[in-house]
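What follows is a set of notes on a single structure, which appears directly below.
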Amino acid sequence: MEEILKGLNCSQKEAVIKEEGPLVVLAGAGSGKTKVLTHRVAGLVERGVRPWEILAVTFTNKAAKEMKQRLEFLLGEAQAKHLWIGTFHSICGKLLRFEIENYMVNNEPFRQKNFVIFDENDSVSLVKQAIKSENLDDKLYKPQAVKATISSAKNKMIDTDRFAATARDYRNQTIARIYQVYENMLKTNNALDFDDLLMSVVRLFENCPEVLEKYKSKFSHILVDEFQDTNLPQYRMIDLLYRGANPDDKTVSNGRSLCVVGDIDQSIYSWRGADYKILLNLQKDFPDAQLIKLEQNYRSTGNILEAANSVIINNRERISKKLFSNKGQGSKITCRETIDENEEAHFVVEKIKELTATGQYSLSDCVILYRTNAQSRALEEAFMSGKIPYIMVGGMKFYERKEIKDVIAYLKLIYNTSDSQSLRRIINVPKRAIGASTIKKIDEIARKYSLSMFGVIEKADDFADELSPKVAKKLKEFHYLIASLIKDCPEYDLSEFISILIERTGYIDDLKQENTEEANSRIENIREFISVAREQEDLGLDTELGEFLTRMSLISDLDNVADNRETVTLMTLHSAKGLEFPIVFMAGLEEGLFPHARALGRNQDMEEERRLMYVGITRAEERLFLTFTKRRLIYGDYKYFMPSRFIDEIPPALVENMEYTPPEKKNTEKEPSYKHSKKNFYQQDAPVSNTTFGKNFKLPESLKKSSTTIVKNKDQEVKTVTCAEKPRNVLKLQEFFDPGTRVFHYKFGIGEIDRIVNVEDNPMYAVTFTQVGKRFIDATLETLKKF
DNA sequence: ATGAGCAGTGTGGGG
DNA sequence: CACTGCTCAT
């Protein structure tokens, strides 16, 4: 225990020690709340609590992973692996996989246990189908907007009946109809959307006392991180797990505990139903709760902290709290106005070059935060031109790419043939001459006979008067393909099975025929996906298809951000929650962008914007740069902006302004050349550099080559595969690099080959890159060159 | 059934 | 600007 308490301050110790009952920790930014949580878990285990009795809920998978790692260190792997650590969504997914069939609605299970999870795209397109099937105009009822309404209802635990009953106007009554149809469709697809994961667990607990009792007695100690971002179903779930169905039960606290950690100043997810009032009201719900405040900040310098404090005091709805630091004043905050988003981006790039030039800071010390994803484009371009490696969090996620979604759709269909969404996605990919009209017909038959679309295809012969023999033949072929895969799936490891899948479906062949840069990169991505599966097998993760698919649905891009990479990080302010960096740039501080236009004039929303500002500022340890521009390209034309009010809320004494210098005055200064000629700046350094580019990275048009995928290096002989029409039949006398060879990859930079492995009969290099870590690279594509 | 070309519309953030 | 969806020709 002494070991565990070492290095903690008084309040932190108190929070770690408390044995029984409810505990609320109000933890300011950088006050060591993660430390409190992990040490609390370690302390419990040390006191004899069994690891599997502890449930720790975090906000992101990344945070969960970090916590797990720290606990492996503190407790050893043997103990740590039994802990239940995860996000609400992943824990719900796991729990439902076991228990969902116990939740009965009208005498049948709410879902079968092989349910699939629909992501946002699937859900929106399902809503769209629902709108169409109700013969409504999807211009009047925009699928996205309707989905958002349904989602917010679900986050308030409002089911279809109650939604219909409380719908006052015609529009909402119509949405109620769509909601009902949408729910029916989810059910026929045996699918859940993200919101359902949470809501279903609550309903399960409410409707099934035995199941609740089972988990209530299992989890005697519950910890929740980032509690200010909890929504109603999440809170209900925690409340039910801790107190059970009877909140007045006084024996609850016997040897049990609930510890929630949060900071209402960092509540930034109200738009998805989170409500910091849940945290504020916790002492009402739990009168015996102990309250601990952590106010010492161990992260930021005085100036940064003071800026954060001065901004957040403008919010009216908050508990007064003032963070203090013992790090000294530190540097002033730098504020910079630029002419447009390109100059803003170049300022950031040049500043980073300057800060890292002396070796005092490394690229991984720097982060650029912005309000909207759209802002990333100009920044990315500037980093590419400036040859600074960067990694972008968010944006296009790995599993959101077409080819990955396609492969996952195959897997989902194989796992759960009721999933007509996935079937629609891949029934004609690659082309099988099954077009839109056929799909429509299948859908109609499916509705008529209450079958899944796959069910219709299975029984294609029975619908001879509706499907022509030609079509039926094609469908039978497709059915045979899927059926054979279903049959063979259990016989193989997952990674092997995926190889077989892309082989038999002809997916890779199809891409190979295409023989374009894009197709090759898709092939690479699929191979990487196979490697992900393989790696998960190696790590001993559960690669049973259902578990794997759940994990893939819930993984977020942030989770893949590895540490210690020599790259700058780009991300939204929302993604940055819980992270810290020595140097922080906040870009786009303009009225209408940040605070966002949709928050102007609405006080509640404005306060949330301000909390977002607070989150941004408090990510910084040593240096903080704020930038804003006069004009910005939106929808293709320029809009003009005023500086953000949040800048004015920082005391001028803390700020050092770097005024914008008009171009004509600049000749005498030693400013970078980009200010003179934007065009030149983009054109000057064309060749691909040894940098890591973001996942959205596309080669500039000028660099695209049709015949090879390798960018040649002047002084290095590189063999390139000359791609004929059928590249796979070209006789290749290829020499492979040996393990240990230092290599260069156009996307991942420099690395070293660990070994050569075969993935679906394709040689692949397992390479550890300095910047992106371990990757599998197709050896036949020869994208690697000796370094 | 498929693909090219055009018109219309949209971006707040994320599991 | 970028993406989707629709129309029309093949």
Side-chain angles (χ1 to χ4, degrees), chain A residues 57-64 86-93 117-125 128 132 138-139 142-145 148 151 154-155 192-198 226 229-231 233-234 267-274 341 369-378 393-397 399-400 402 427-440 468 470-471 474 550-559 571-577 588 592-600 602 605 608-609 611-612 615-616 632-639 696 698:
Chain A
V57 190
T58 60
F59 199 73
T60 61
N61 287 313
K62 184 178 198 284
T87 61
F88 272 106
H89 290 269
S90 69
I91 282 166
C92 289
I117 298 164
F118 277 1
D119 66 20
E120 196 60 22
N121 288 331
D122 294 331
S123 303
V124 170
S125 97
K128 191 171 182 177
K132 288 259 168 73
D138 65 3
K139 293 226 160 45
K142 300 224 170 95
Q144 257 190 1
S151 190
K154 286 187 174 186
N155 283 327
L192 299 175
D193 65 21
F194 283 134
D195 305 316
D196 287 335
L197 287 173
L198 308 169
E226 308 280 11
D229 286 316
T230 302
N231 65 23
Q234 291 167 336
S267 161
I268 53 174
Y269 281 97
S270 73
W271 48 275
R272 65 186 216 207
E341 76 273 15
L369 304 176
Y370 39 83
R371 178 66 235 268
T372 68
N373 277 314
Q375 288 170 254
S376 68
R377 171 166 253 106
V393 175
M396 173 92 73
K397 290 159 194 142
Y399 71 91
E400 275 177 6
K402 183 188 179 302
I427 189 166
N428 204 28
V429 182
K431 299 263 176 303
R432 298 188 179 94
I434 303 173
S437 48
T438 307
I439 293 172
K440 199 170 169 218
S468 73
K470 219 163 124 189
V471 169
K474 295 281 176 207
T550 303
R551 204 160 36 223
M552 291 314 290
S553 307
L554 298 179
I555 210 156
S556 78
D557 209 42
L558 185 60
D559 308 326
M571 65 172 102
T572 63
L573 285 148
H574 282 90
S575 298
K577 192 168 78 163
L593 187 65
F594 188 26
H596 195 271
R598 285 153 109 116
L600 301 176
R602 288 193 285 192
D605 290 355
E608 179 146 319
E609 295 290 308
R611 291 193 292 269
L612 196 54
V615 167
R632 187 176 288 281
L633 206 53
I634 306 239
Y635 289 147
D637 51 18
Y638 279 108
K639 293 246 164 69
N696 281 344
K698 286 182 206 120

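Remember, predicted model here, so these are calculated numbers, not experimental data. All heavy atoms count here, side chains included; hydrogens, waters and symmetry mates do not. By convention in this document, chain letters (A, B, ...) are assigned in the order of the sequence lines, proteins followed by strands, and residues within each chain are numbered from 1.
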Quiz item: Does the B/dG15 base have a donor-acceptor partner in the side chain of A/D195 within less than 3.5 Å?
Solution: yes

Quiz item: Heavy atoms under 4.0 Å, any strand shown: does A/K470 hit a base, just sugar-phosphate, or nothing?
Solution: nothing

Quiz item: So, is A/T572 close to the B/dG14 phosphate, meaning a side-chain N or O under 4.0 Å from OP1 or OP2?
Solution: yes

Exercise. Using the aromatic ring of A/W271 (for Trp, its six-membered ring), decide whether it stacks on the base of B/dG13 within the limits of 5.5 Å and 30°.
Key: yes

Exercise. Drop me the distance from A/L192's CG to A/F118's CZ, to the nearest 0.5 angstrom.
Key: 9.5 Å

Quiz item: A/E341 CD to C/dC1 P: how many Å, rounded?
Solution: 12 Å

Quiz item: Within the structure shown, what part of the strands sits under 4.0 Å from A/E609 by heavy-atom distance: base, sugar-phosphate, or nothing?
Solution: base

Self-check item: Gap between atom CG of A/L197 and atom CD1 of A/I117 - 0.5 Å precision
Solution: 4.5 Å

Quiz item: A/R611 has an atom CZ; how far is it from atom C1' of B/dG13, in whole Å?
Solution: 14 Å

Quiz prompt | Rounded distance (Å) that lies between atom C1' of B/dG14 and atom CE of A/M571 | solution = 14 Å

Quiz item: How many Å lie between NZ on A/K639 and P on C/dC1, as a whole number?
Solution: 14 Å

Exercise. Identify, with sequence neighbours excluded, every residue that meets salt bridge (charged side-chain N to carboxylate O under 4.0 Å, His left out) alongside A/R551.
Key: none

Self-check item: Distance below 4.0 Å between A/Q234 side-chain N/O and B/dG15 OP1 or OP2
Solution: no

Quiz item: Base, sugar-phosphate, or nothing for A/K142, non-hydrogen atoms under 4.0 angstrom?
Solution: sugar-phosphate

Quiz item: A/Q375 and A/T372: side-chain donor and acceptor closer than 3.5 Å?
Solution: yes

Quiz item: Quick one: is A/K128 getting a side-chain N or O under 4.0 Å of the C/dG5 phosphate, OP1 or OP2?
Solution: yes

Self-check item: N or O in side chain of A/S575 less than 4.0 angstrom from B/dG13 OP1/OP2
Solution: no

Quiz item: Can you tell if the side chain of A/L612 reaches within under 4.5 Å of the side chain of A/R371, non-hydrogen atoms only?
Solution: yes

Quiz prompt | Spacing between A/N61 atom CG and B/dG15 atom P, to the nearest angstrom | solution = 8 Å

Quiz prompt | Partners meeting salt bridge (charged side-chain N to carboxylate O under 4.0 Å, His left out) with A/R272 (sequence neighbours left out) | solution = none

Quiz item: When all nucleic acid strands are considered with a 4.0 Å heavy-atom cut-off, which category describes A/Y269: base, sugar-phosphate, or nothing?
Solution: sugar-phosphate

Practice problem: Return the value, rounded to whole Å, for the distance between atom CD1 of A/I634 and atom P of B/dT11. | Solution: 13 Å

Exercise. For A/S437, report the nucleic acid contact type (base, sugar-phosphate, nothing); a contact means any heavy atom under 4.0 Å.
Key: sugar-phosphate

Practice problem: Give a yes/no answer on whether the side chain of A/K431 brings an N or O atom under 4.0 Å of OP1 or OP2 in B/dG3. | Solution: yes

Self-check item: Under 4.0 angstrom between A/N373 side-chain N/O and B/dG13 OP1 or OP2
Solution: yes

Practice problem: Just call it for A/A433: base, sugar-phosphate, or nothing, with non-hydrogen atoms closer than 4.0 Å on any strand. | Solution: sugar-phosphate

Practice problem: Assign A/T438 to base, sugar-phosphate, or nothing according to its heavy-atom contacts below 4.0 angstrom with the strands shown. | Solution: sugar-phosphate

Quiz item: Counting any heavy atom closer than 4.0 Å, what does A/E120 reach on the DNA or RNA strands: base, sugar-phosphate only, or nothing?
Solution: base

Quiz prompt | First encountered from the 5' end of DNA chain B, between A/N428 and A/E608 | solution = A/N428

Exercise. Measure the distance from NZ on A/K440 to C1' on C/dG5 and round it to the nearest whole Å.
Key: 15 Å

Self-check item: Integer-rounded Å distance: C/dA2 P and A/D637 CG
Solution: 13 Å

